[in-house]
Amino acid sequence: MKQQDTGADAFAPFQKALTQGWTQAMEAFQKAAGPGGSAAFDVGGTPLWQLPQMAQFPGAATMPELPKFSIDPEQLQSIQQQYLSDATDLWRRGFGARPEGDKRFAAEAWGSNPLAAFSAAVYLLNGRTMMRMAEAIDADDKTKARLRFAVEQWMAAASPSNSLAFNAEAQKKAIDTQGESIAKGIQNLLHDMKQGHVSMTDESAFEVGRNVATTEGAVVFENAYFQLLEYKPLTAKVYERPFLLVPPCINKFYILDLQPDNSLIRYANEQGHRVFVVSWRNPDESLAQATWDDYIENAAIKAIHTVQEISGSKQINTLGFCVGGTILSTALAVLAARGEKPAASVTLLTTFLDFSDTGILDIFVDEPMVQYREMQLGKGGLLPGGDLASTFSFLRPNDLVWNYVVGNYLKGETPPAFDLLYWNSDATNLPGPFYAWYLRNTYHENKLAKPGALTVCGEKVDLGSIDIPAYIYGSREDHIVPIGGAYTSTQLLTGKKRFVMGASGHIAGVINPPAKNKRSHWLREDGKFPKTQPEWLAGAQEQPGSWWTDWAQWLKGHAGKQIPAPKGYGNGKAYKAIEPAPGRYVKAKA
């Protein structure tokens, strides 16, 4: 293209291409928005308009209409004019244009390939335009959030970096390796198709019980829902009140025991606690009818009572992580309604009790989606672990999906061995009735936070009845349990509380051992818990390093006196070692 060609004839091809580009951006925006502009996604990532027709299900007549949206014509015109201006500038630069500010196009190969660089620059322009349209719509907050999410998903999938025809870096590697990278990429693709998910790490490098989940212990109880693990003491004396950890049932427990140097389980052992952990069973068809009540009565409450019986202690210290914290808190409230107070303290890590602020996950949940899941799974069945894993991955599609598609298949790379990503890929199923109940009563209707609104195991649930010391932790950059959602537990629990905010996200913020001296945390020592987390933070002070040391000091204050450490597992009578930790349940694949 000659830059001096400014006549109508010379500009005509550009004008045609520009019009096509605008049209494509509009079509993509409409595609992302879906019929009626709803952009409503199911938890599995499937748009609601692609779900089975609701009319075939009972109660469909009561389903609310999908929301509508509109864009002010003046704003749309302004966006189009900005697009014309930016595109004109891009066209004038021609193949000298460079995609800037995006790590997907940062490699030198992109800069040395004018066609690839230009395609990436056009892609980024279209993406900015679509996002401006999403921000300009006139709709309720939830619809706008769904549109933003849909546009982000479409843009992540449509990136030229995802295509060998445009990915300059992958092309250069193919040339440099004389096609070996392409052959390896095909092998990787076939391998991942066989295993059913995109590899995020070299999964062959890990084995549960061999080099992850290796803290020494034994299974001392099991039923259809969980195994109870007891860990070998690492100190000559232990605190008289044992310590029970309840991890999330949507993941496997060994996020708390990846390696000796980052194991929260081992750390608690080293602090002198007698440690017990719930290892959830990976549900199969035998648990397809299991309910929320079953998990509370037959798992959480059973684990609490079993630890009491084994230790002989009337009270124990408890910890719940994520959904495990929701399950534990519900169990403690049920027991309180029965006149029992088995816990001397409770620690909640990145846990929802009040579901009024669920962050990005809110876009997945509305009445049509909840009804669909109830029709699909409410009477029985299993939610495949892969569905949940995909949902959480697509919350960060460039980092957790397309990054690996490009690396594994286009570049023929084997992702490096990383224990946390191995755990992340080790999915678990969920019983359908459990999942449907949880979805409606927490995420959708937020009944757990309302005293007496729910009956669980025959008891009215009131979280305010949990009047014991509570240590509540939230991660500042958590996209699963936003920091504001974690903080709201301080407004529900009535005992003496301590809240701490850690740096980083849902997992990295929690698994932050002191020895690594990484990140920081925030504490407020005046004992005040204002209504919102930003108000709390205004009076907090940043502390360097891990929050674990603060928590360990707090927990010791509720652990009682020290007694000689037990010499065996269980109690030598009703409860004996069944098999070595980590047990069979954690090794079952979804």
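Quick note: numbers below take in every heavy atom, side chains included, and nothing from hydrogens, waters or symmetry partners.
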Test item: Asp257 side-chain N/O and Phe253 main-chain N/O as donor-acceptor pair under 3.5 Å: no

Distance (rounded to the nearest 0.5 Å) between Leu388 CG and Thr428 OG1: 7.0 Å

Distance (rounded to the nearest 0.5 Å) between Met131 CE and Leu147 CG: 9.5 Å

Distance-only side-chain donor-acceptor flag, Asp357 / Tyr487, under 3.5 Å: no

Listed partners of Glu542 passing salt bridge (Lys or Arg N to Asp or Glu O under 4.0 Å), at least two apart: none

Aromatic ring pairing Trp110/Phe105, orientation class (parallel under 30°, perpendicular over 60°, tilted between): perpendicular

Polar side chain donor-acceptor pair, Tyr267 to Asn262, under 3.5 angstrom: no

Main-chain N/O of Phe321 paired with Thr351 side-chain donor or acceptor, under 3.5 Å: no

Phe118 and Trp91 aromatic ring geometry - parallel, tilted or perpendicular at 30°/60° bounds: perpendicular

Test salt bridge (charged side-chain N to carboxylate O under 4.0 Å, His left out) applied to Asp140 and Lys144, step by step: CA-CA 6 Å; Asp140 61 273; Lys144 292 186 72 170; over 6 Å; no

Exceeds 12 heavy-atom contacts within 6.0 angstrom, atom OH of Tyr585: yes

With sequence neighbours excluded, residues passing salt bridge (Lys or Arg N to Asp or Glu O under 4.0 Å) with Glu413: Lys173

Backbone of Arg519 reached by a side-chain donor or acceptor of Asn512 within 3.5 Å: no

Check: Phe352 ring centre within less than 6.0 Å of Phe355 ring centre: yes

CA sep, side-chain torsions, deciding dist, call: Ser161, Asn167, side chain to side chain donor-acceptor pair (under 3.5 Å): CA-CA 5 Å; Ser161 61; Asn167 191 315; 5.0 Å; no

With Arg476 via salt bridge (Lys or Arg N to Asp or Glu O under 4.0 Å) - residues at least two apart: none

Gap between atom NZ of Lys589 and atom CG of Asn429 - 0.5 Å precision: 12.5 Å

